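Index from 1, following the sequence. Just so we're clear, the structure is a prediction, and the values are computed from it rather than from any experiment.
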Amino acid sequence: QVQLVESGGGLVQAGGSLRLSCAASGSIFSIRAMGWYRQAPGKQRELVATISRGGSTIYADSVKGRFTISRDIAKNTVYLQMNSLQPEDTADYYCNVRDCSNRWCTRESDYWGQGTQVTVSS
């Protein structure tokens with residue numbers, strides 16, 4: 001099992017910045033990808049950004065140019081730097097890690113953090 005611990009959420013005014021962190025620990029075989037998703041009240045969970053083992057990134061159109069995902073492989077930690085935050089960014093943000101389920105990586109498993117709340121006031 002892989003455990004994820006998130007931190008960095010909070011309340012910020014529009015135009016401000018926050019940095020989220022997510023540290024993975026436990027029985028890690030080989031992390032394939034790490035990412036952030038968010039879920040606003042009454043809405044479905046949506047992709048914010050992901051970063052692959054090789055460093056390739058994907059961003060939701062709504063955050064391109066404002067958010068940056070990065071990771072520290074040695075620390076099994078993924079970060080999300082959020083700049084120019086807007087009220088529509090208000091949501092619970094969830095860390096996601098995709099890890100091999102065994103040493104041969106014949107299967108993969110997804111793990112989720114407990115969520116950290118981000119509130120942007122106008």
Side-chain angles (χ1 to χ4, degrees):
Q1 287 291 318
V2 175
Q3 294 79 44
L4 303 179
V5 177
E6 301 161 346
S7 61
L11 173 64
V12 65
Q13 288 188 329
S17 298
L18 285 174
R19 188 188 193 215
L20 305 183
S21 300
C22 173
S25 63
S27 302
I28 297 172
F29 284 100
S30 178
I31 291 176
R32 314 310 292 173
M34 306 180 85
W36 292 93
Y37 290 71
R38 67 186 181 187
Q39 187 167 18
K43 295 188 177 181
Q44 290 188 330
R45 189 174 297 188
E46 63 176 2
L47 169 73
V48 177
T50 63
I51 185 166
S52 71
R53 180 176 178 81
S56 298
T57 58
I58 297 175
Y59 292 93
D61 287 343
S62 60
V63 307
K64 284 180 181 177
R66 301 188 297 124
F67 291 9
T68 303
I69 190 170
S70 61
R71 87 270 198 241
D72 185 328
I73 294 176
K75 295 182 179 179
N76 289 323
T77 298
V78 63
Y79 306 96
L80 185 68
Q81 178 66 43
M82 305 185 293
N83 298 329
S84 301
L85 282 160
Q86 300 301 316
E88 52 265 34
D89 295 316
T90 295
D92 291 325
Y93 283 70
Y94 295 89
C95 173
N96 169 265
V97 168
R98 177 160 293 178
D99 186 33
C100 294
S101 299
N102 52 56
R103 60 187 230 182
W104 303 278
C105 207
T106 54
R107 286 191 305 115
E108 297 175 343
S109 297
D110 278 314
Y111 299 93
W112 293 90
Q114 78 283 1
T116 185
Q117 190 172 51
V118 171
T119 303
V120 185
S121 63
S122 57

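- For the residue pair S84 and S17, the shortest heavy atom distance occurs at N-OG, 4.3 Å.
- The line from CD of Q114 to CD of Q3 is 11.5 Å long, rounded to the nearest 0.5 Å.
- In this structure, CZ in R66 is found 9.0 Å from CG in N83, a value given to the nearest 0.5 Å.
- Interatomic distance, S7 OG to Y79 OH, rounded to the nearest 0.5 Å: 9.0 Å.
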If you apply the rule side chain to side chain contact (heavy atoms under 4.5 Å, CB included), what do you find for Q13 with S121, and how did you get there? CA-CA 5 Å; Q13 288 188 329; S121 63; 3.7 Å; yes

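- Side chains of R32 and S30: a donor on one and an acceptor on the other come within 3.5 Å.
- Here the straight-line distance linking atom CG of D92 with atom OG1 of T119 works out to 8.0 Å at 0.5 Å rounding.
- Side-chain polar atoms of S109 and D99 form no donor-acceptor pair below 3.5 angstrom.
- In this view, L47 and Y37, T50, I58 satisfy the side-chain contact (heavy atoms from CB on, under 4.5 Å) rule, not counting sequence neighbours.
- Scanning both residues, G115 and E6, for their nearest heavy atoms gives N-OE1, 2.6 Å.
- Using a 4.5 Å heavy-atom cutoff, the side chains of S21 and K75 are not in contact.
- For residues 6-63, the pairs satisfying disulfide bond (SG atoms under 2.5 Å apart) are C22-C95, with sequence neighbours left out.
- Rounded to the nearest 0.5 Å, atoms CZ (R38) and OG (S62) are 4.5 Å apart.
- More than 12 heavy atoms of other residues, nucleotides or ligands sit less than 6.0 Å from atom CZ of R45.
- We find the CZ-OG1 distance between R71 and T77 to be 12.0 Å, quoted to the nearest 0.5 Å.
- Y111 belongs to a hydrophobic cluster with V2, L4, V12, L18, L20, I28, I31, M34, W36, V48, I51, Y59, V63, F67, I69, V78, L80, M82, L85, Y93, V97, V118, V120, counting contacts under 4.5 Å between side-chain heavy atoms of Ile, Leu, Val, Met, Phe, Trp and Tyr, direct or through other members.
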